[in-house]
Amino acid sequence: MNEIFLSPYKPEETEGRIYKVWVDSGFFNPENLPSEHVDPFSMVLPPPNVTGTLHMGSALMLAIEDIIIRYQRMQGKKTLWIPGTDHAAIATETKFLKDKKISRNDYTREKFVQMVNEYALDTQQTIIKQMKTLGASLDWSRLAFTLDDNRKKAVEEAFMRMYEAGLIYVGERLVNWDLKGQTTVADDEIEYESEESMLYTFKYSPNFPIEIASTLPETKLADVAVAVHPEDNRYKQYIGKSFDTKFVNGIGLNIKIIADESIDKEFGTGAVGITPAHSKKDYDLALKHGLISKNQKLHQVISEQGKIINSHKSLNDLKFKEAREEIIKWLKENNLLTKEEKISHEVPRAQRGGGIILTLPKRHQFFVDVNKPIPERDNKSLKELMREPVVQGQIKILPERFEKVYFQWIDNLRDWNISRQIWYGHNIPNAWYKEDDVQISKNQPGSDWKPIDDTLDTWFSSGLWTFSTLGWPNDTKDLKTYHPTSVLETGYDILFFWIARMILMSQFLLGEVPFKTVYLHGLVRDEKNRKISKSLGNNIDPVDMIAKYGADAVRMAMIIGTSVGNDSKISTEKFKAYKHFANKIWNITRFVLENTKDYKETDEIAPKHKDLIKNLEDLIVDVTKDMDEFRFYMAAEKIYHYVWHEFADKIIEESKNDLRDETLKKSAQKTLLHILEQSLKLLHPFMPFITEEIWQNLSKQQLLMVTPWPK
RNA sequence: GCGGGAUUAGCUCAGUUGGUUAGAGCAAUUCAUUUACACUGAAUAGGCCGGGGGUUCGAGUCCUCCAUCCCGCACCA
């Protein structure tokens, strides 16, 4: 027996060495797997941010995915799991600026992007190293980065094809403007926070017959109409009439009274000031009632710097909040303000950075049209292409209830604004402008045309991930073999951001689904049910946990008690418990090896030992079913229970007598060895390091990672 | 407003399609100690499975109502 078993299991002495054995074997790359691995099984790793470090969420993700891929590899599949990192445009640019304490305006754009990129490639090494410590069997030869040259080609191709199909349009449109981040953001990058705001009730001028209510009186400088409910008796008489008003300091506003069913009679005064330039709903309403035309220049009164523009000279250049005070003051002086009340309502904020979101018109904005019928896809729209495969079951989402959430999101989906004003990211390809005109062309259309220097929403490139990592747009062997990918495993919090966009891109560009099964895991919380975050200081660092308890214990702790789609709680106690388990396996091995030193092959198995083997086979069947049906947490628990409380507590205890009995000795030895080996196989996807280490010491020819799963 | 989830032992959670006596980890109590392993073992205690009603031979599991907590989406003048 190898003497390493004489001392307790020391993960730190095993893990690095075993990981190297795996890497050297080349088996992370499917092309190097033994020839009996034929049927492909593929997954992409949801790329962590380059600047990130491993946190509990990513540890859980890696644990589940590595379990899936190791299981499939042992099932004889030609397994590919592709690693990568995400340039995470806004997140990285913000973090860089903060870390380096600089402003991007101190540099040329070119220089700045180069600096961020160097920084990103530098920090990338940290997260890659940490992924390895957890035992992730990723094919590092295919490592991708969302902003590398191959992905740039894919982004350009995708953009051009969508543009040529008329799915991307450009123009002056209302956008969500993140005042703090100084960029546009997509609808689902907005979070609504409940805040107390003042609701002001007032008239524009004494001659105006209707009072309106607003929490943003400064936007009223751009009003064109007042909308009321058609059945509202208070206002019926005014519908269709127009009024010339003298609003703040005498600004002339011509206000028409319109009627629309969507107006709530109960809220405020039941009359709404319509501001096409600063509200999407108002814009739609104004368009519907013919107050504006589609390509009309809107009257914008708040700038991207949050200051008043195009208004009275006494207000221009004031910050919008200062202007609000001035307006209220003026309304009071003119006896036009009739009510001020505090109301609680949802205020839009940027999900990243928390900046105030302003709605305003912005030119040169690119949008993906989600409703346009696509001739080359049976006249289906992107919305339909996203919806269909989930309805028809070509994509299965686990847990199933998220399918409903997905449909609800699609139903409310609006065109996707993909322009961003940050610098770090994919440039919008081949885009030029002259004043308000925009052209897409490989070469500069004329000497007076300038390149548009916006970048693309980071999810545009992430959406291509399942195939851009396989070589697309080139027609590669990888693409043919591994796409659609088999399983996509990720947190439910990026169902819309990422999963939906991958389906969109793959359905349009390839005409097929990006993956067949989506497995969603929940958020990891601390023992007090709080979200794990740096600001709360409750961050349990998986890197520390691995150092302290070993990667195998961390994997088991992450997986057990974590059912699909549900949030889970984690505490250091749990890691400790599975470190004990690792040691238990170690000692089981010591016992078996000590007692089988003189074992010689035999065919004679005592009936009582046959029963033990039969029980084990039942477990194998049970666990295999759990694995196939994505119940990894249950499989792990069952194996754990078997190894500790059946094998160690009962089988080994009872074997002590048999081993002293010469007639039973050989049979007992064979049984012990058999159960040990089968247990190691079952445990391998969950606890790869210790099981491989033991396997090596059983003098096996083949690595456990490519040993067939027991039947 | 629409939708979803949770509620099971002191704590944290499992419980697959309804089917014997509802499980695990941690915590608690008692006992064992020249043991493969104290990172141990054996045993004990602890549960009207949130509440009411229903379906069923049978409900933690299915239906319905209610309560509390959490989440998503929409509205947000």
Side-chain angles (χ1 to χ4, degrees), chain A residues 1 5-9 187-188 192 194-195 197 199-201 212-217 219-220 223 226-228 262-264 266-275 279 281-282 285 343-348 399-413 492-493 495-496 522-523 525-529 549 553 556-557 560-595 622 625-626 629-631 633-638 640-641 644-645 648-650 652-653 655-656 672:
Chain A
M1 184 184 67
F5 292 109
L6 294 176
S7 53
Y9 176 57
D187 292 347
D188 35 27
Y192 289 87
S194 194
E195 283 177 25
S197 301
L199 180 70
Y200 302 96
T201 303
I212 58 164
S214 176
T215 52
L216 306 169
T219 64
K220 303 293 100 183
D223 278 11
V226 163
V228 298
S262 67
I263 306 303
D264 178 358
E266 309 302 322
F267 190 90
T269 60
V272 189
I274 298 300
T275 324
S279 156
K281 197 187 165 195
D282 289 5
L285 218 57
I343 59 158
S344 162
H345 74 152
E346 307 282 299
V347 178
E400 215 168 311
R401 67 184 138 91
F402 280 100
E403 294 189 354
K404 222 169 180 175
V405 179
Y406 177 76
F407 294 140
Q408 187 187 27
W409 179 81
I410 289 183
D411 292 342
N412 288 308
L413 186 62
Y492 65 72
D493 51 332
L495 177 62
F496 309 140
L523 305 175
R525 297 171 180 276
D526 75 353
E527 64 266 39
K528 289 176 187 148
N529 199 23
Y549 301 107
M556 284 295 270
I560 289 187
T562 309
S563 58
V564 57
N566 289 332
D567 293 352
S568 55
K569 296 191 186 99
I570 199 76
S571 62
T572 49
E573 285 305 314
K574 224 173 157 184
F575 295 109
K576 209 168 135 191
Y578 294 105
K579 181 184 162 66
H580 293 180
F581 180 53
N583 196 52
K584 190 77 187 178
I585 299 166
W586 200 246
N587 281 305
I588 288 170
T589 307
R590 184 202 299 184
F591 178 87
V592 173
L593 292 184
E594 268 178 358
N595 288 285
D622 203 18
K625 193 158 178 265
D626 285 336
E629 291 170 15
F630 296 91
R631 289 188 300 269
Y633 49 99
M634 288 199 68
E637 232 178 281
K638 284 173 186 167
Y640 169 85
H641 190 265
W644 198 316
H645 301 299
D649 292 349
K650 295 192 183 129
I652 285 187
E653 285 308 317
S655 78
K656 287 175 184 172
L672 288 174

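So you know, we letter chains A, B, ... as the sequences are listed, proteins then strands, and number each from 1.
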> Taking CG from A:Leu413 and P from B:C73, how many angstroms apart are they, rounded to a whole number?
Replying inline: 13 Å

>> Distance check needed: B:A74 P versus A:Phe407 CZ, whole Å only.
In response: 17 Å

> So, do A:Leu285 and A:Lys281 sit near enough that their side-chain heavy atoms are less than 4.5 Å apart?
Replying inline: no

> Applying a 3.5 Å limit to both distances, which nucleotide forms a Watson-Crick or G-U wobble pair with B:C31?
Replying inline: B:G41

> To the side chain of A:Trp644, which of B:U40, B:A42, B:C37 is closest?
Replying inline: B:U40

> ring-ring contact (aromatic ring centres under 6.0 Å, His included) with A:Tyr578: which residues, sequence neighbours excluded?
Replying inline: A:Tyr640

> Across all strands shown, which nucleotide pairs with B:C57 by Watson-Crick or G-U wobble geometry, both distances under 3.5 Å?
Replying inline: B:G19

>> Taking the minimum atom-to-atom distance to the side chain of A:Phe496, which one of B:C75, B:G72, B:U16 wins?
In response: B:G72

> Does some side-chain heavy atom of A:Ile585 sit less than 4.5 Å from a side-chain heavy atom of A:Trp644?
Replying inline: no

>> Are the side chains of A:Phe267 and A:Ile343 in contact, using a 4.5 Å heavy-atom criterion?
In response: yes

Distances under 3.5 Å between nitrogen or oxygen atoms of protein and nucleotides 1-6 of chain B:
residue, atom, partner, partner atom, Å
B:C2, O2, A:Gln408, NE2, 3.3
B:G4, OP1, A:Lys404, NZ, 3.0

>> According to salt bridge (charged side-chain N to carboxylate O under 4.0 Å, His left out), who are the partners of A:Asp223, at least two apart in sequence or on a separate chain?
In response: A:Lys220

> Rounded to whole angstrom units, what separation is found between the CZ atom of A:Phe267 and the P atom of B:A74?
Replying inline: 18 Å

>> From CD1 of A:Ile652 over to C1' of B:C37, roughly how many Å is that when rounded to an integer?
In response: 10 Å

> Just how far, in rounded Å, is C1' of B:C39 from CZ of A:Phe581?
Replying inline: 13 Å

> With both distances kept under 3.5 Å, what pairs with B:A67, Watson-Crick or G-U wobble?
Replying inline: B:U7

> salt bridge (charged side-chain N to carboxylate O under 4.0 Å, His left out) with A:Asp649: which residues, sequence neighbours excluded?
Replying inline: none

>> Using the C1' atom as the point on both nucleotides, what is the distance between B:A22 and B:C63, in whole Å?
In response: 22 Å

> In whole angstrom, what separates A:Glu594's CD from B:A36's P?
Replying inline: 8 Å

>> For A:Lys576, is the NZ atom crowded, meaning more than 12 foreign heavy atoms sit under 6.0 Å from it?
In response: no

> Do A:Glu653 and B:A36 share a donor-acceptor pair, side chain to base, under 3.5 Å?
Replying inline: yes

>> Suppose we define a pair by two distances each less than 3.5 Å, Watson-Crick or G-U wobble; what does B:A24 pair with here?
In response: B:U12

> Of the nucleotides B:A36, B:G72, B:U16, which has the atom closest to the A:Met634 side chain?
Replying inline: B:U16

> A:Tyr492 versus A:Asp567: any side-chain heavy-atom pair under 4.5 Å?
Replying inline: yes

>> Rounded to whole Å, how long is the line connecting atom NZ of A:Lys650 with atom P of B:U40?
In response: 17 Å

>> Quick check on B:U16: is either OP1 or OP2 less than 4.0 Å from any side-chain nitrogen or oxygen of A:Tyr633?
In response: no

> Does any N or O in the side chain of A:Lys579 come within less than 3.5 Å of the main-chain N or O of A:Ala553, such that one atom is a donor and the other an acceptor?
Replying inline: no

> At under 4.0 Å between heavy atoms, what does A:Ser279 touch on the DNA or RNA strands: base, sugar-phosphate, or nothing?
Replying inline: nothing

>> Return the pairing partner of B:C2 with a 3.5 Å limit on both distances, Watson-Crick or G-U wobble; otherwise return none.
In response: B:G72

> Looking at residues at least two apart in the chain, or sitting in another chain, which of them share a salt bridge (charged side-chain N to carboxylate O under 4.0 Å, His left out) with A:Asp188?
Replying inline: A:Arg501

>> Any N or O donor-acceptor pair under 3.5 Å from the base of B:C39 to the side chain of A:Lys584?
In response: no

> Could you give the NZ-to-P distance, from A:Lys656 to B:U35, as a whole number of Å?
Replying inline: 10 Å

So which protein nitrogen or oxygen atoms get under 3.5 Å of nucleotides 24-30 of chain B's nitrogens or oxygens?
residue, atom, partner, partner atom, Å
B:G25, OP1, A:His645, NE2, 3.4

